[in-house]
Amino acid sequence: MRPELIQDRRRGGVLSDLLDPHTYRAALYILLALPMGAFTAGLITGGVVGGLLTLAFLVGAAFLLGSLWLVGGLGDVQRALAGVLGVTFAPPPLPPPHRGTLAWLRGTLADPMTYRTLLFHVVQLPLAVICWAVLAVLLTLTLLGLLSPLWPLYPQTFPVVWGEQTLLPSPLAVVGLVALGLGGLLISAGVLNLMGRMWTRLAVALLSRDPGYEAARREVVALRRAAGRVALGDDLEATLADLTEQARAASTALSVALTAPDGTLRALSGPQGPGLSGPLDRPPSQGEADVRLVQGGGALATLPVTLSASAGALEGGTLRALYPAGVRPGADELAFLLSIADHAGTAQHAAQLIERAGARAGEQERARLARELHDSVAQALYGISLGAKTARATLDRDPERTRASLDYTIRLADGGVSEMKALLFSLRPDALEEGGLVAALSQHAHALEARHGLTVHAGLDHEPSLTPDAQAAAYRVAQEALHNVVKHARAQNVWLAVSQDGPAVTVSIRDDGRGFDPTAAGRGTLGQRSMRERAAGAGGTLEVRSAAGEGTAVTLRLPAAQPILSRPAEVGA
């Protein structure tokens with residue numbers, strides 16, 4: 001990946017620095033930097049000098065250790081102060097456990113962060129003095145120029161003497177001085193903005209905690225979480241929101257957003273800022289990052305979200321990261337953000353595939369229902385119509401034939417109603433959860449009678465005490481056994497019973513079909529294996545008995561659910 005050159009997108013003309021909020025944040029920081037620098041320098045210098053002068057005593061070592069601790073402690077204060085400039089720092093890593101003062105001393109002296117923070121403390125005071133001096137000169141000249149109209153009005157208050165003469169400006173000179181004052185005001189705003197960027201870069205360079213190792217660790221953790229979130233694929237919007245959160249947490253960006261191809265905001269982590277939404281004048285190239293300056297001195301990195309060719313469109317929107325003034329993303333961070341953008345593209349493609357699969361499954365289900373309706377209900381309705389027409393045609397001349405046609409029509413109507421109930425049951429087979437095992441098997445038995453002409457003798461009187469898993473296993477085993485009856489047995493009658501005897505529940509399915517030889521290879525082994533696995537998974541056993549010409553009996557035995565006994569309440573004396 002090759003980051004493009006940063007381009008300036010600020011627009012505001014001559015007054016841009018004067019109207020920029022970053023200018024006034026910089027002024028506030030510089031105003032606080034001088035007393036903070038003097039306080040820090042005095043505290044650390046006093047501690048070191050006092051420690052050296054009293055080194056012969058035990059208190060001297062304590063002074064020196066305290067000064068070393070102040071370097072890190074005041075560094076945290078400096079990081080908080082840099083927040084005035086809009087600079088945010090990554091949270092500190094967990095400190096290593098130090099056992100004893102010597103271990104802490106060795107760890108602190110070996111940490112490069114100690115020396116970078118100390119260098120910031122050293123340069124802060126003289127640099128703040130220079131900034132104050134430059135701004136004092138500029139603001140003094142600006143103030144004199146802006147107050148020049150008062151000079152000719154109050155010459156005694158503003159006396160300007162040259163030799164023995166008191167000088168008074170002409171009106172043209174007053175206009176020139178006011179123009180110089182306004183120019184000085186604009187120059188002061190520009191210098192303040194420039195100083196703010198200088199302090200921002202200095203704080204980022206010297207006060208950032210181990211930008212290499214910690215940044216790499218955060219990026220690895222973020223990519224691992226992002227991959228896990230994409231693999232879930234449960235909710236696209238929640239996945240995109242989580243990706244933006246991971247990207248912001250592991251980078252130095254102030255805000256991260258994911259947008260649609262038209263610039264519509266889809267997910268945002270962090271405060272809203274310029275450029276995070278809306279159309280782009282030039283979208284970034286595939287696999288590259290477009291980094292530009294925005295209003296306020298910050299930077300906006302825009303990266304493409306690319307979909308695979310099978311998605312039908314290569315554009316999946318953009319990932320946009322907004323950085324505070326003075327902070328610029330490096331090549332490694334842009335590569336990390338591009339990986340997050342790729343994860344976002346994968347999530348969108350997966351959502352498209354799931355939607356297509358759902359639509360395809362819906363089409364297949366509708367096609368199956370159309371076939372079922374055509375083969376059953378439509379034929380029944382055609383027969384009803386034909387029988388009704390025949391009855392009407394023979395009503396006056398052949399009453400017996402009319403009665404027979406009406407009986408035929410009534411039987412067809414009853415069959416159509418049963419067939420429709422069977423289709424509705426296949427569309428909504430949730431009776432197991434709503435009514436229990438007995439209700440589900442009863443509905444399944446009615447469906448068998450309606451669709452296949454079987455006579456089902458159901459002994460389903462009482463709901464057995466089963467756990468949800470055992471209940472589901474019993475239903476699936478009975479369903480598989482009844483399916484085998486329809487498919488292989490050529491039976492006329494089926495006996496279905498559920499009973500409970502103490503700690504055991506028995507489900508039996510028996511038919512009067514042609515039966516089979518259970519010992520013969522290749523006869524029902526797959527279905528039996530599936531039923532036995534379900535029975536074993538629920539802690540039960542399955543027995544299959546059959547013989548040629550004698551039908552088949554399948555018996556499932558499951559352990560009953562143990563009742564939950566409530567503890568008796570204790571009665572106090």
Side-chain angles (χ1 to χ4, degrees), residues 3 29 33 36-49 51-52 55 60-128 196-223 248-254 299 323-337:
Y29 181 84
M36 182 64 191
F39 174 75
T40 301
L43 202 59
I44 295 179
T45 303
V48 172
V49 173
L52 292 176
L55 192 58
F63 272 119
L64 292 177
L65 291 176
S67 301
L68 185 60
W69 178 84
L70 281 175
V71 171
L74 292 174
D76 293 333
V77 178
Q78 298 283 14
R79 293 183 186 92
L81 185 62
V84 176
L85 296 171
V87 180
T88 56
F89 296 93
L94 293 177
H98 296 298
R99 296 183 178 179
T101 305
L102 291 179
W104 171 84
L105 181 61
R106 285 194 299 268
T108 304
L109 293 177
D111 188 1
M113 189 69 233
T114 303
Y115 304 99
R116 294 207 307 270
T117 307
L118 180 60
L119 180 59
F120 186 87
H121 294 326
V122 170
V123 302
Q124 184 185 35
L125 180 60
L127 194 58
R197 298 183 188 182
M198 176 196 67
W199 281 105
T200 298
R201 292 180 182 273
L202 185 65
V204 171
L206 296 181
L207 296 179
S208 296
R209 298 181 179 90
D210 196 4
Y213 171 76
E214 283 301 319
R217 183 188 64 82
R218 291 194 303 271
E219 290 174 1
V220 169
V221 172
L223 288 175
R248 188 179 70 89
S251 66
T252 58
L254 185 63
Y323 292 84
V327 180
R328 301 293 180 265
D332 293 339
E333 183 162 314
L334 291 176
F336 162 71
L337 292 178

Residues at least two apart in sequence or cross-chain that pass ring pair (Phe, Tyr, Trp, His ring centres under 6.0 Å) with Y323, listed by chain then number, are none
Test of understanding: with side-chain contact (heavy atoms from CB on, under 4.5 Å), list the residues that count as partners of [X], not counting sequence neighbours.
| X | result |
| --- | --- |
| T45 | V49 |
| L125 | L34, A38, A41, V129 |
| F39 | L43, L74 |

Rounded to the nearest 0.5 Å, how far does [atom2] of [Y] lie from [atom1] of [X]?
| X | Y | atom1 | atom2 | value |
| --- | --- | --- | --- | --- |
| L70 | L118 | CG | CG | 11.5 Å |
| S251 | D332 | OG | CG | 13.0 Å |
| T200 | L85 | OG1 | CG | 4.0 Å |

Tell me the closest heavy-atom pair linking [X] and [Y], and the distance in Å.
| X | Y | answer |
| --- | --- | --- |
| L206 | M113 | O-CE, 3.2 Å |
| V204 | S208 | O-OG, 2.6 Å |
| V77 | M36 | CG1-CE, 3.4 Å |
| G86 | P324 | O-CB, 2.9 Å |

Any side-chain heavy atom of [X] within less than 4.5 Å of one from [Y]?
| X | Y | result |
| --- | --- | --- |
| L65 | W104 | yes |
| L81 | W199 | no |
| L127 | L202 | yes |
| L55 | L64 | yes |

Donor-acceptor under 3.5 Å (T114 side chain, T108 main chain): yes
### Task
Evaluate side chain to side chain contact (heavy atoms under 4.5 Å, CB included) for Y115 paired with L109, printing each intermediate quantity in order.
CA-CA 8 Å; Y115 304 99; L109 293 177; 3.9 Å; yes
Here the side chain to side chain donor-acceptor pair (under 3.5 Å) pairs for residues 118-127, sequence neighbours left out, are Q78-Q124
